2 protein chains.
Amino acid sequence: MVAGPLPAPSGPGKDRLRLWIRLLRASRTIEAELRERLKKDFNTTLPRFDVMAALYRVPEGMLMSDLSRFLLVSNGNVTGIVDRLVSEGLVARARRNGDRRTSMVRLTEEGTQAFATIAAAHEGWIGELLGKVSEDDARRLTGMLTSFRSNWEGRE
Amino acid sequence: MVAGPLPAPSGPGKDRLRLWIRLLRASRTIEAELRERLKKDFNTTLPRFDVMAALYRVPEGMLMSDLSRFLLVSNGNVTGIVDRLVSEGLVARARRNGDRRTSMVRLTEEGTQAFATIAAAHEGWIGELLGKVSEDDARRLTGMLTSFRSNWEGRE
DNA sequence: GTGAATTATTTCAAGCTTAAAGTTTCATAT
DNA sequence: ATATGAAACTTTAAGCTTGAAATAATTCAC
């Protein structure tokens, strides 16, 4: 990934390779910037933000496995992040009556308020970082990426 | 990041937020797939591939700091990855006469051959994974992402 | 020339990440 | 009822990642 600008690749299929490289560099650049700001302004991390963002949409909570599927990361990964969020009082696990294997994970009151604040800043940052992309281009790009993704949805 | 499809965000500036979410999901999906294939088919990792790809472009080698700048990752990170590649015989460090702080890092003969093989497979995978994106759309998307990036090039 | 900043790199601690193996609980077929 | 298997989750080991501190070498101001 992140291959080179020097001997600009050419030939059949190179357009897609170049697209992938640009896509990756763009998302890494933005991610790095967001990570830095989350740390500096809110003393938190991108993975914690991701988990909280997922939970924020669903007040009643999510199962660990749903969370992991939604975030595209492994089960064990989510366990660790949620552990830390719980120890910080931002998230709570609730055992369920029906199935004792599972637990509903949800934002606490404190977590909900904390996330709302961070999310507002986050949206502003995105607006700033993607400021040079016109609203029109943004919609067009989003459309292309969506159709790409539908190609992969529910593959394995 | 990777926020939700459920309460579809709307309002001013939401188009850019949505774009970012799609961008991130697309790149994470592709990255996950590549990581899995690199592991299965070549018993290597994405970070190792990235470093080798960077070095492949420049037979004479790169400084650690150039490598870290190019790959958008921290110095200490590169140290660890290069250490492992060196211990596998794929990469070599060469102390320089001029400046004894620095060392030129380059692919070994073995590393060069290994990378050529992996890179060929990699390009095929990208062609497959992005197959639904037309060459035309690929070029257009690349253009948009490039102009976005120029906004950020050499910021801090 | 000496000392102070600067630069290149490594080391370190904490946290993120995965794949694989392990635990507990549930479902279902006899 | 009870085995068998599947499902939900956690644990573990190895590796990736960052930011900050530490080392070492160079450059620059005087």
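Each chain gets a letter, A, B and so on, in the order the sequences are listed, and its residues count up from 1. The shown structure was predicted, so the numbers you read here are calculated from the model rather than taken from an experiment. FYI, side chains are in, hydrogens and waters are out, and symmetry mates aren't considered; it's all heavy atoms of this structure.
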Participant: Give the rounded distance in Å between these two atoms: CG of L38(B) and C1' of dA19(C).
Facilitator: 15 Å
Participant: About how many Å separate OG1 of T142(A) and CZ of R22(B), when rounded to the nearest 0.5 Å?
Facilitator: 6.5 Å
Participant: What string of B, S and - do you get for nucleotides 4-17 of chain D 5' to 3' if you count protein non-hydrogen atoms under 4.0 Å?
Facilitator: ---BSBBB---SSS
Participant: I'd like to know whether R96(A) forms a side-chain hydrogen bond (donor to acceptor under 3.5 Å, both in side chains) with T102(A), so could you lay out the CA-CA distance, the side-chain angles of the two residues, the decisive distance to 0.1 Å, and finally the verdict.
Facilitator: CA-CA 7 Å; R96(A) 293 200 305 167; T102(A) 66; 3.0 Å; yes
Participant: Rounded off to whole Å, could you give me the CD-to-C1' distance for the E31(B) and dT17(C) pair?
Facilitator: 12 Å
Participant: Please state how far atom CG in L67(B) lies from atom P in dA8(C), giving the value in whole angstrom units.
Facilitator: 14 Å
Participant: State which residues pass side-chain contact (heavy atoms from CB on, under 4.5 Å) with N43(B); sequence neighbours excluded, sorted by chain then number.
Facilitator: K39(B)
Participant: Could you tell me how far apart K40(B) (NZ) and dA19(C) (C1') are, to the nearest whole angstrom?
Facilitator: 10 Å
Participant: Under 3.5 Å, which donor-acceptor pairs do the side chains of residues 61-74 of chain A form with other protein atoms, sequence neighbours left out?
Facilitator:
unit_1: D66(A); atom_1: OD1; unit_2: R69(A); atom_2: NH2; d: 3.0
unit_1: S68(A); atom_1: OG; unit_2: V73(A); atom_2: O; d: 3.1
unit_1: S68(A); atom_1: OG; unit_2: N75(A); atom_2: OD1; d: 3.0
unit_1: S74(A); atom_1: OG; unit_2: N77(A); atom_2: N; d: 3.4

Participant: Rounded to the nearest 0.5 Å, how far does CZ of R93(B) lie from CZ of R95(B)?
Facilitator: 8.5 Å
Participant: Between F115(A) and M104(A), is there a shared hydrophobic cluster once you connect ILVMFWY residues whose side-chain heavy atoms come closer than 4.5 Å?
Facilitator: no
Participant: dC26(C) phosphate, OP1 or OP2: any side-chain N/O from R100(A) under 4.0 angstrom?
Facilitator: yes
